[in-house]
Structure formats: structure tokens, C-alpha cells
Amino acid sequence: MNELSTRYNHKEAEDKWYKFWEDKGYFCAKPNPAKKPFCIVIPPPNVTGILHMGHALNNTIQDILTRYHRLKGEEALWMPGVDHAGIATQNVVEKTIAKEGLKRQDLGREKFLEKVWQWKEEYGSTIIRQLKKLGASCDWQRMRFTMDGEYSRAVKEVFVRLWNKGLVYQDDKVINWCPRCQTALADEEAPHRELAGNLYYLKYPFKDEPEKFVVVATTRPETMLGDTAVAVNPKDKRYKKLVGRALTLPLINREIKIIADSMVDMKFGTGAVKVTPAHDPNDYLLGKKHRLDFINILHPDGRLNANTGEYNGMDRFEAREVILEDLKERGLLEKIEAHRLSAGHCYRCHTVIEPYLSRQWFVKMKPLAKPAVEVVRKGKVKFHPKRWTKVYLNWMENIQDWCISRQIWWGHRIPLWYCLDCKKEAVAVIEKPDACRSCKSTNLKQDEDVLDTWFSSWLWPFATFYWPFDSRQQAAGSRQQQDLEYFYPTSILVTAPEIIFFWVARMIMAGLEFMKDIPFRDVYIHGTVRDIEGKKMSKSLGNIIDPLDIINQYGADALRFSLISITAQGQDVFLSKERFEQGRNFANKIWNASRFILMNLEPSLTNADLCAFFKKEDLDTVNRWILSRFYSTLKAINNYLESFKLNEAANLLYAFFWHEFCDWYLEIVKADIKHPHNQLVMFKVLEKFLRLIHPFMPFISEEIWQKIKNTRMQGHPASPAGPPAGQAGGRDTSIMTERWPHLEEQMIDKKLEKQAESIFNLIKEIRNLRSLISVKPQEKVLVSLYPHSKQKQQLVGNNKDLVINLSRLEGLQVLDKSMRPESTISSLTGEIDIYLHYSGLIDIDNVRAGLEKKLTNIGNLIKAKSGRIKNKDFLKKAPQGVVNQEKEALVKLEGEIKRLKKMADELR
RNA sequence: GGGCGCAUGGCUCAGUUGGUUAGAGCGCCACACUCACAUUGUGGAGAUCAUAGGUUCGAAUCCUAUUGCGCCCACCA
């Protein structure tokens, strides 16, 4: 270890150890009845995906949990996979063929799909490679893709089951239509965004009195071409008499009637609303109710169609301008008001969606939602943080039917077959039927549409295990079935809030419907990664921090640690590049401390010595102290990890290792580094710490652990647990196959920790005095102490050398009475009076200023405390412990201020 | 229009069930590379915990209202 660099080189370590883990199969999990199962299914990234900070955070959390449970001795499976992402992927491939001047229609369905598969083979594993860079310990042999054969079977099976249950139906409805992607979208896929727009007031003349008008207000004037009525509120006095009268729809001169409906808001616009039943969900309802005509005015690509006469072929937004011009010319545009409106946008291409009347397939959701509400209500599935429960329940209780058909090609084609001869109703079957059931015709045709991508993702927690197990798969099936039985329900799902409706809710419904059990017990919802100004990271804003850059520059461990340490449970994460220095510095600190320890480890010490069982009583104070602190820390870490407070765990590990183990413990034992106790304990604490930090920083922990193994352990692990069964030790062993340290409660000694703290405070005070009169760091000084009590006197006596070393003294004198020696400055705030001897001139003003400050501070405290203690209610109502605490504190403070005042007098 | 989250030192955030002198990282100031680490060490400065009420012996923490920022949901043309 001597020859090792003073800096940790992450580039060398990371790829090497990742390959090692993968080659040895350490990520693989299989059912083991002797072990508790732990399972996470990855939120499958899109096959088009490129790792961004959101992924980095999401997957770091999952990896920490997986590695933690693996170390705990559970059979931990992190199931990896990729989502075929129908619309997104089709868009990407369409763009690539567009470079050759081709549209997908030019190629035809089959050829185009070939292209998509080609694209997938070539680029589809990018994100997987990137996840490996991050250190993700997924069982890659179980890699799944939502378009895999078996997976597709599961999707079809589910469709057929729902069909047979009568939960799938076809209907004409006004749905969200993306004119760019040219497909229907579910409501969740068309989020509303605010837009700056206008409210246009249009005049519709009466048929029999063309010089008079009804004025309607609209934000989408082009839709007037599809109007089939004007509606008013029946209570509206302004219009009461006009109900039933006929108007002439301008530009295309269609006769439309004025109808009355209570749905109309009298206060909005003019109180009269144009009704476009084919292009507005509300108008659609009105149309149904009042038996109006439904006139579709759009081509699928957003251009106006033949129903619009001379506007046929114009783009919708272009048409808007022309129509407004034409209306203006005719004097039919009354006014234009600025108006903020919100409109649905395609979640894949951000195009403004059009409400569009079309025939689509839907799933009835109410029956599926009911049990899914129950399990969350009853706490069988728990959200972390809790507040998401309400969001989930609220959505589930108001759930709408799910539009599942998509007019794209890349995806699971709907397994519905139509007979082209008898044209009786469709059959839903997994395999293409040989012949029509009614007329025996073989002239069958499959539905052209594919299913919503989320219609496959919602099966993820069990379809990844090859569910359903049919006879064809029997041979392999029995093993796969065991897998599913062992790992399902999975343990925890880790995801972002925007996915709750798309995915989490639907997985719960699917799990209950098809597996008769919940898919996971816990749902961890983490925050969104934002830039330092709180903006979402996005390409268009140019504020992206690329995780791969960070890995390259600072290391994967640094990325992981920094991300986690600032991710408070469920809060958004604000990032700047500098944040990652913290993780890098920590890795370097771990590296150098390890280097120091290995460099100083006595070669004659045998492995048996290092692994020896020792009694607490045999050890000296410092070693007992650090062990107590280690186990105190472990106890807290265990609690934090079990309650998913990963940031707290990370920060505690940081503080323990850096500020206690390095800053105090190693500095102390340095003086007597060859002492067997020190040798033993520094080694043990380091080795155990590495296991604790491993889930957070897998690479550096392995790198150092391997160095330890090679130099010290020769294949005999230092852990008392010994090597896992089947492991011969030696070359193959890894920190990954070690065990999480066992919590040795008896090693925790809070009294000792307090004592150590008071010695450290003493040292800090002395250092402070040194700096107050600018004593150079290398200069040694003489100090006299007066401990107020026997215990403190003893404590000081026992730790004399330690104090001398760490505060660089030439001598330490313990006084037997309270008096200030000549030529000293003092600190009198603790239970030990401290006098620092000086020679020559010192800056007395500096000392005086420090003293003044202390005096005011303590004065204020005394005021507050004596006020409290004089308060009768406090004495009566506060718990006795608190009262005593306050009284003792006050006595102490009064003593302090007395001594300080005396000192201030002497300084004058 | 409903719902949620957040307001704590210059910046980014912690702060468990209300209870000593409110913590950390970064930044800042001073000093220090003979001793594992300058991606370091030592010491220091810096906060009336958004505002106003209330509950309580006691509030950063609980309640109410207000202000500001962010997010989600909703059919207001």
C-alpha cells in the first residue's frame, strides 16, 4: 500500500470492479428458502433513454437498498429491464428515416417495424451501459424488454382476460389527439399547460334576421366550422326568448339552433357558447344530450378536412388566422380579448393536442380501482412520504376509463380479430384463430391499433417473471413459477411523483386483478432533480448536468454519495456541479485514511490477531470510545435505512468517518500506532465502516476491501461471520459477499462518549486560546488546568498525554486550587479552568474582545434561564428532569460568569 | 377553482414524538504543507428559524391567517 497514490483514482477502480462483480455473478439472485427475499423491479427506462440526473438519483436509491439488503443476508433481486416506449421510440425512428426522405407509410408496417428493431439492437442498450457505470447491481441475466415474446404474451393474455370479463369496450368519444404523433392519448398523456391566447367574440347572425346576431366567445375560432348549435343557460334572461331560434353559421352557412342547457356558465364570455360536439369533450356531451350532429373537421394530421369547404387542407393554426380574417371582412368578428387558457400537450412531442371524436378502445377502470383503493387505505401498500397517499386515493376515486388504443405501429398489436366475411363481432384471442367461429371463413384481419405502452408496463412486477405460465413453457415454467412465488410481492418500488398515475396506480390494479396480491409493499417517491435555480433540467433550457460527465470527472461513488446526501426524503433536489466535490472529497478521505492504516499495520500481526475476539474491558479508553461511537452510528444507520432516510444515513456515515474516526481517533492513535489495541481497533473499524459505506459507495469500498484482503487477510475475511457458504475465500471474495455488521449493543457506552467529548472540548479550548494570542501551530506551550471535580481531575489525569499531543503542549500542570498563574490567559467556561502560559507580548485587545463576547452570551443565557426557573408554572408543569436540567445549567453558568468577570477585572 | 410542497446564517439544505447555547456541506476570514490526505488540517466570523396571531410552563417544531416561490389536479368555451 505504500506505493499507492495520495489520491483515489476512481477511473482505475470502477470498471475493474464492476466487471469482477458481474463475472462472479454477485448480482444474481435465486429463490432460497433459507433466506428472506428482497426484490425491487426497476422502473424500466425507455429504450430511447439516455441517463440523466433523474435516473441517476432513482437508480442510486434502488442500488443502495438492494446492496444493503444483500449485505444483510437477504436474497436480493433487482430486476432490470427496458420499456419499448411506443410513441417515443416510433418518433425517434421516424426521425432517422426522415433523413432518407422516408415516412413510415412509405416503408409499410412490417418494414418499418424491422427498422425499429434494428434501431433497438443498435442503440437500445445505451442506458443499460450507463446504469452499469453508475454501479447498479441489477441481475442482468434477468434483463427484460416489454416487447419480448413472453412479455408480449402476458400483455395479450391480460387484454383477453379483461375482454372476457367485459371490461374492454369500444366507443366513439372525444379523446386527446396528437396531430403530430397522429394517435389517441390517454388523459394522463396530455397534461395541461397554460398558454397565452385570445378569447375571440364571433357574431352568428339569425337566419331570419341576418342583421341581428348572437355573440359567442371562443379560444379556438377554427372549430366554428364544426359547430352544430349555440347553447345558453335556460335561466339566462338575456337569451330566454331566443332558445329554439335558428342561426346561420357564418362562412359555411349551416343552419344551427339555439339550445338551452344548464351546463352553460352565464358568467363566462357572453353567456352563449358555440357547440362543437366533435371537438370538445363538453360539447360532445351536449351533442349527445340534444341529438346534435357531430361534424369532424380535422384530418388526423391537424389539417382541416373536406367538411370545411374552402378551408380543406389548411393547417389548424393557419386556418385560424384565415378564418378570423374572413370573419372580420364580413363584420362578424366583434372583438378579441387577451386570455390565458390551458390546453393539453402531447407528453411525447409537446404539440398542442386536439380534442377529437374517434372510435377507440377503453378499459373500464372503476372495478379495477376499487380493490386498489382498499389496499392503500388499509396500509398494505404504503407511500413514502405519506402525503402521496392522498394524491393517489384522490385520483383513484375519480378515475376515468382508460383509452388504450394507439394509432401507431410500434407496440403490442391489439389481439382482436375480425372476420372480413361475416363481419360479426371481434374475437379476442392470444393466437391468430384459424377460422371465424361463425362462418368458418379464414379471411381474418387483426385490429390495426396497438396498445398503450403503459398497458404493458402495468404488468411489470409479475410479467418480468414470465407470468403467465402456460403449458408450452412448462419445462422452464416450473422454475420461473418458483421465482415469481418467491419474489412476489416485491418489496419496494422507487419512482418519481409524475409516474404515480401512469404506472404505480395501474401496477397496483394489475397486481390485484391478475396476481390477486399487491405488487409491492412500499412505494418510495423521490423528488425531481432541478438545477440550482429550481428549474427542471431540460435540454431546451441548457441546464443539464450530465451524470456521465460527473462520473468521469469525480467518480460514480462521488456522484452517488453527493446525490443521496442532499436528497431529503421526497424533497426536490437542487443541483450544481460543485455539489459533487463533496462526494469526491469524501472518497479521497476514505482512501487516505485507509492508506494510512494499511501503511501502519504491523506486518507481524497475524490475521488471527486482527480477527481476534476481544473484550471491551481489555481495551483502553480511546479504543472503547471509537467502538462505542461506531456501534452508536451503526444503530442509527440501521434505523435510517429501514425508514428510507438515506440522506440521514449518508450524512451520518460521513460525519462519523471524517470527524470522529479521522479527525480524532486516528490523530490520537498516531502517537502510539504500534500498540496492539490501536492496531486491532483501527483495522476493525475501517473494515466494518467499508461494509456500511458499500451500498452508497460500492467501488471505493471494494477497492480498499480488496487491498485489505490482499495485504492482511489472505482469504480469511475479517468479519466474524466468515465466508458465505460455497465461497472458498481468496481471490473470489468481495465486500459484496460480506455481511452487514452486527449491532453489538454492549459496545455502546454513552458515559464514555460523554467523557471523550469533554476531553475533546478541553483540547479545542486550548487550541482556541492558542489562536487567540496567535501561537504558531508548531510552537509548544505550557498549560495549567484546574478541574472542578474529582471525576474531571481523574479524567484529565488519565488523558494527560492525549491532551499534550493534540494541543501541542510542552507541559501540562494540574492545579490543586482555583488560581490564575502569572502570565496566562484563561478559558473558564467549562468544568475545567484552563490557563495558557505565554511569554513576551500578546495582543490583549483580542483576548478582551473574546471575553466580552462570552460575557454577553452567558449573561443572556442566565437571564433566560433564571426567568424560566422563577416561573411557577414552569416548576409545576414541566417534567422534573427538565427542571433539574435547567437548575443545574444555571448554577454552572453563574459560576462561569463569576470567573469570567474576575478575569475581565484582571485584564484591565 | 381545488389539493400539495417549500420559506432556517452568503448559497444549498438537515432538524426524529414541542425541552440545554438551532446543525451540516459549500462559500468567507486567519494560520499551517516534517508527520495518510491542500480533494488537507486547526481556529474563527456569520441565523431575531418568511410575517401576524394563537395553544403551551416552554414553539424552528403544533393550530389559524397572511405573503412569496414551486408543483399537481380540474370540462369553464
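Chain identifiers are assigned alphabetically (A, B, ...) following the order of the sequence lines, protein sequences preceding nucleic acid strands; residue numbering begins at 1 within each chain. Predicted model only: the values in this text are computed from it and were never measured.
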First encountered from the 5' end of RNA chain B, between A:R808 and A:P191 | A:R808
Grab the OH-P distance between A:Y204 and B:A77 for me, whole Å please.
-> 15 Å
Sequence neighbours excluded, which residues qualify as ring-ring contact (aromatic ring centres under 6.0 Å, His included) partners of A:H384?
-> A:F644
Protein proximity profile, nucleotides 36-41 of chain B - base contact B, sugar-phosphate-only contact S, no contact -, cut-off 4.0 Å on heavy atoms | BB-BSS
Answer with yes or no after comparing the ring centroid distance for A:F561 and A:Y554 against a 6.0 Å cut-off, counting only values under it.
-> no
Among all residues two or more places apart in sequence or in another chain, which pass the ring-ring contact (aromatic ring centres under 6.0 Å, His included) test with A:Y200?
-> none
A:A231: side chain to side chain contact (heavy atoms under 4.5 Å, CB included) partners, not counting sequence neighbours = A:I259, A:V264, A:V273, A:V275, A:L286
Mind listing the N/O atom pairs, protein and nucleotides 3-6 of chain B, below 3.5 Å?
| residue | atom | partner | partner atom | Å |
| --- | --- | --- | --- | --- |
| B:C4 | OP1 | A:K390 | NZ | 3.0 |

Hey, are A:E354 and A:R316 close enough for a salt bridge, meaning a charged N less than 4.0 Å from a carboxylate O?
-> yes
Set out, line by line, the N/O atom pairs under 3.5 Å between protein and nucleotides 20-22 of chain B.
| residue | atom | partner | partner atom | Å |
| --- | --- | --- | --- | --- |
| B:U20 | O3' | A:K865 | NZ | 2.8 |
| B:U21 | OP1 | A:K865 | NZ | 2.6 |

Paired stretches of RNA chain B - 3 or more consecutive Watson-Crick or G-U pairs, each distance under 3.5 Å = B:1-7 with B:67-73, B:10-13 with B:23-26, B:28-32 with B:40-44, B:50-54 with B:62-66
Applying ring-ring contact (aromatic ring centres under 6.0 Å, His included) to A:Y201 and not counting sequence neighbours gives none
N/O contacts under 3.5 Å, protein versus nucleotides 74-76 of chain B?
| residue | atom | partner | partner atom | Å |
| --- | --- | --- | --- | --- |
| B:C75 | O2' | A:N282 | ND2 | 2.6 |
| B:C75 | N1 | A:N282 | OD1 | 3.4 |
| B:C75 | O2 | A:N282 | OD1 | 2.9 |
| B:C75 | O2 | A:N282 | ND2 | 2.9 |
| B:C76 | O2 | A:D265 | OD2 | 2.6 |
| B:C76 | N3 | A:D265 | OD2 | 3.3 |

Lys/Arg N to Asp/Glu carboxylate O, A:E896 vs A:K892, below 4.0 Å | no
Closest to the side chain of A:A878, out of B:G43, B:C57, B:A77, is B:C57
Want to settle it: does A:T219 or A:I566 sit nearer the 5' end of RNA chain B, counting the closest nucleotide to each?
-> A:I566
Between B:U16 and A:N639, is there an OP1 or OP2 to side-chain N/O distance shorter than 4.0 Å?
-> no
Extract from the structure each pairing of a protein N or O with an N or O of nucleotides 45-49 of chain B at less than 3.5 Å, listing the distance.
| residue | atom | partner | partner atom | Å |
| --- | --- | --- | --- | --- |
| B:A45 | OP1 | A:K853 | NZ | 3.1 |
| B:G46 | OP2 | A:K853 | NZ | 3.0 |

Compute the ring centroids of A:F383 and A:W388, then answer whether they are less than 6.0 Å apart.
-> no
Which residue pairs pass the salt bridge (charged side-chain N to carboxylate O under 4.0 Å, His left out) test with at least one member in residues 260-273 of chain A, sequence neighbours excluded?
-> A:D261-A:K289
Contacts of type ring-ring contact (aromatic ring centres under 6.0 Å, His included), residue A:Y239, not counting sequence neighbours | none
